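As structure tokens, the structure follows; a few thoughts come after it.
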Amino acid sequence: MKRSEVDRSKLSPMMQQYMEIKDQYEDCIIFFRLGDFYEMFFDDAILASRILELTLTGKQAGLEERVPMCGIPHHAYISYVDQLVDQGYKVAIVEQLEDPKETKGMVKRDVIQVVTKGTKIDSNIDAKSNNYIANVYAFPYCYGISYADISTGEVYAFLVEGEDNKVIHEITKMGFREVIVNDSINRELVDTLRSNYDILVTILKDGEEDNEYSYIYADIEDIRIVQTLKHLLYYIIDTKKGDLHHLQPCQVIKSSMYLEFDANTKKNLELVETIRNRERQYSLLWLLDKCKTAMGSRMLKNTILNPLTNKKEILRRYDMVSLLSCEFILRDDLINALSNVYDLERLVGRITYGNLNAKDLLQLKTSLGQLPIISKILGELHYDSSIETFEELYSLLDRTILEDAPFTLHEGHLIKPGYNSELDELKKISSGSKDFILEMEQEEKKRTGIKNLKVGFNKVFGYYIEVSKGQCNLVKDEFGYERKQTLANCERFITPLLKEKENIILGAEEKIISLEYKLFMDIREVVKRYVGGLQKVAKIVSEVDMLQSFSIVSDTYKFTRPEITTERSLKLIECRHPVVEQVMKTEYIPNDIIMDKTTNILLITGPNMAGKSTYMRQCAITVIMAQMGCFVPCKSASLPIFDKIFTRIGASDDLVSGESTFMVEMKEANYAISEATENSLILFDELGRGTATYDGMSLAQAILEYIHDKIKAKTMFSTHYHELTSLEKDLKHLKNVHVSALEENGKVTFLHKVKPGAVDKSYGIHVASLAHLPNSLIERADDILNVYEKKNIKKETFTQTSLFELADEEIVEKKNEVEEKVKAINPLEMTPMEALNFLYDLKKDIQSNK
Ligand code: ADP
Ligand code: MG
């Protein structure tokens with residue numbers, strides 16, 4: 001049964017209420033609170049029952065048929081919401097806004113929040129990563145991008161000038177999973193984001209502005225940035241609804257503040273996850289993360305993706321890392337203190353918005369308790385910012401919240417004695433009466449002589465006196481017992497006195513629970529006043545945690561402090577790939593990477609498996625680590641500050657968008673060439689591999705020349721076209737290096753040692769033999785190679801052995817084919833483009849069969 005086909009006039013009042021709410025939230029699955037359950041109806045129920053594996057039932061709602069329905073217990077809803085949200089659905093939570101006990105007729109209900117991929121807050125979100133909701137706002141000649149983490153309150157924005165491609169690069173690099181766009185945006189961009197990158201995109205018209213949150217953009221002058229922020233906030237406020245004052249004033253990002261690179265580089269260098277498993281383990285992040293707090297880990301991740309470009313700031317971090325490594329005793333104390341600091345940022349988020357419980361406030365207290373220690377250590381280290389220590393807030397929490405308070409706020413047992421006299425009084429009454437009841441049991445036993453008489457309690461009958469069947473005959477009228485319940489083996493009685501005490505106890509308990517809840521909420525309000533200050537401290541603690549982690553990894557893995565030069569020269573002595581080095585079982589061979597002022601391009605040759613790609617990667621990783629303010633995996637290192645990194649590594653097809661390896665390669669090459677400056681680093685790994693030899697080689701050479709003459713970026717270019725090494729003669733800023741291999745008795749050993757000059761053999765066959773291809777096949781390949789090598793001796797640079805020598809008659813046949821093709825066309829009927837394409841194809845035909 002479909003919702004749209006229902007005769008609404010026949011529906012029960014509650015179902016009508018449901019329909020009205022659903023009308024406003026068409027694109028959401030509605031979790032409709034009914035007593036202790038959240039129920040879903042109609043199509044929502046059919047869909048959710050399938051995804052969540054719930055039983056689909058039905059509800060009488062006034063129609064002939066029952067309405068499809070499924071439900072989940074209210075206390076366990078988060079994991080169900082998460083499952084739906086992770087699959088890209090939005091879930092609207094509808095709550096009862098009135099207490100059903102105190103309401104006549106229908107209870108008022110409404111949406112209290114919408115949960116989406118980018119706006120989860122109460123859910124189990126990864127502690128070590130931010131979860132952002134982003135906004136892309138299209139203006140006539142540029143895009144505004146803003147994003148926020150609702151759980152921590154961080155808000156950022158920046159502008160992207162130019163084409164859609166750049167927007168996609170930014171969005172995918174940051175790993176946004178949900179994006180809001182304005183109405184005038186190019187729909188093709190929306191489709192690409194949705195289908196190629198599985199991003200939840202909501203197209204949203206401009207909404208009304210909410211002055212309550214204008215402080216977030218109050219200091220920003222660029223109206224485009226303000227516009228994108230307003231658009232983002234409109235969505236956040238509309239979905240989250242509650243108090244969002246933990247959202248912080250927006251930080252505007254200028255691209256020049258950070259070392260730029262795109263999602264491909266992030267992926268190729270395995271910065272935050274590995275290519276193979278997409279897991280954190282064995283990524284650079286995994287290696288560097290020795291942070292003690294979740295905040296530190298998140299900052300580290302953000303820093304890996306956004307290394308700095310400001311020399312002063314980078315040196316400041318080096319100084320701190322050095323100092324921490326020298327003062328290792330202080331560092332130990334610092335680490336101990338940090339280990340007891342909880343996620344202040346997300347605690348603050350929950351204090352303002354979301355399901356705060358007493359455990360959260362206890363975690364806040366424990367964290368605050370560490371601040372005086374951290375503050376003292378930072379003072380001793382002459383750290384350049386000091387932290388507030390919030391003694392007053394600590395003492396408030398210490399005086400109020402019970403250490404063993406439960407998770408829920410509706411059972412009492414939250415507030416310590418001595419804080420509120422009314423509460424203490426009620427507790428005294430309640431426990432006094434409980435004592436009275438215990439005493440009463442003893443007295444009744446004595447008075448009646450019934451040995452096994454008991455006083456018990458249950459929810460239905462309250463307090464009662466229980467006498468076993470065997471002794472019931474001892475109950476006399478003069479006791480004043482009133483029979484209440486008969487069970488198989490006993491009888492239960494009450495007396496007026498027992499009921500009187502019961503009233504006092506239950507009345508007091510009800511009052512205690514509601515008073516404790518009120519007191520807790522009052523304390524929450526007080527804590528809210530500290531939110532801004534706590535966020536500041538959280539930022540500093542995150543950075544300190546990240547820096548201690550740098551210091552630890554630098555000691556553990558023997559990293560060195562780099563020197564930042566203002567010259568355009570790079571000198572990495574005995575550089576290693578920090579992750580491969582740790583993961584490898586055998587010894588890692590360090591290599592120098594040297595590009596002096598006059599060298600811009602290193603052309604790297606060497607057999608497969610020699611270590612070319614690793615060599616290039618370790619260079620980029622060293623640059624990134626250096627600009628993060630971390631020490632680097634070298635014996636010594638001096639390098640300039642780079643503005644951007646471009647990489648084309650590996651030959652993975654972009655399967656999602658259905659583009660061939662070659663197309664992807666050329667697009668990435670084009671992106672690099674059009675965006676790079678002389679202060680950039682470019683890594684091209686075997687560029688041109690994806691096409692025919694001549695095509696590939698010519699393109700590779702043209703690209704090298706272009707970079708050499710026009711861009712002048714520091715470039716590492718590995719190639720399997722040995723012919724390219726002769727370019728060294730003509731391009732004075734290009735140097736050949738090669739990775740050697742040792743060949744002995746037909747067996748190859750890889751030395752992984754990079755040396756000056758070119759190499760002339762590819763050893764591909766030996767690699768094949770390492771891969772255990774059949775011996776006969778390897779021998780045959782060797783024979784063929786010998787033939788080629790002999791033939792090739794006389795050949796000029798830029799030619800490559802063809803794969804097949806054709807028999808004479810085949811060549812004749814080919815000629816005839818060409819003749820036939822030429823005869824078949826009429827040049828007068830062709831456009832210039834068609835003619836050119838024809839010529840191109842013809843040439844390709846002839847060439848491939850020459
Ligand atoms: P290429 O790109 O030349 O084909 P790779 O860079 O992929 O070679 O490296 C091949 C293998 O050699 C890698 O799996 C790596 O473990 C190992 N390797 C690379 N460089 C080194 C090195 N410097 N020391 C030790 N092993 C290395
Ligand atoms: Mg390689």
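In this text, all values refer to a predicted model and were calculated from it rather than measured experimentally. In this chain, numbering begins with 1 at the start of the sequence shown. First listed ligand is number 1; within each ligand, the first listed atom is number 1.
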In terms of ring plane angle, is the pair Y132 and F176 parallel, tilted or perpendicular, where the classes change at 30° and 60°?
->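 Aromatic pair Y132/F176 classed perpendicular.
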Is the Y282 ring parallel, tilted or perpendicular to the W286 ring (thresholds 30°, 60°)?
->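 If you compare the ring of Y282 with that of W286, the planes turn out perpendicular.
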Using only heavy-atom distances, determine whether the side chains of T725 and N736 contain a donor-acceptor pair under 3.5 Å.
-> no
Polar side chain donor-acceptor pair, R298 to S129, under 3.5 angstrom |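 Judged by distance alone, the side chains do not pair up.
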is_close_aromatic(F550, F631), centroid dist under 6.0 Å | no
Flag the pair Y671 / H169 as yes when their ring centroid distance falls below 6.0 Å, and as no otherwise.
->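 Judged by ring-centre distance (under 6.0 Å), Y671 and H169 do meet the cut-off.
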cation_pi(K714, F642) dist<6.0 Å, angle<=45 | no
Excluding waters, which protein N, O or S atoms are within less than 2.8 Å of the Mg ion (ligand 2)?
-> S613 OG
How would you list, by chain and number, every residue that makes a salt bridge (Lys or Arg N to Asp or Glu O under 4.0 Å) with K597, sequence neighbours excluded?
->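 E567.
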In chain-and-number order, ligand 1 lies under 4.0 Å from a heavy atom of each of M584, E587, Y588, I589, N591, P607, N608, M609, A610, G611, K612, S613, T614, H752
Salt bridge (charged side-chain N to carboxylate O under 4.0 Å, His left out) contacts touching residues 548-557 (sequence neighbours left out) |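 For residues 548-557, and leaving out neighbouring residues, the salt bridge (charged side-chain N to carboxylate O under 4.0 Å, His left out) pairs sorted by first residue read R331-D555.
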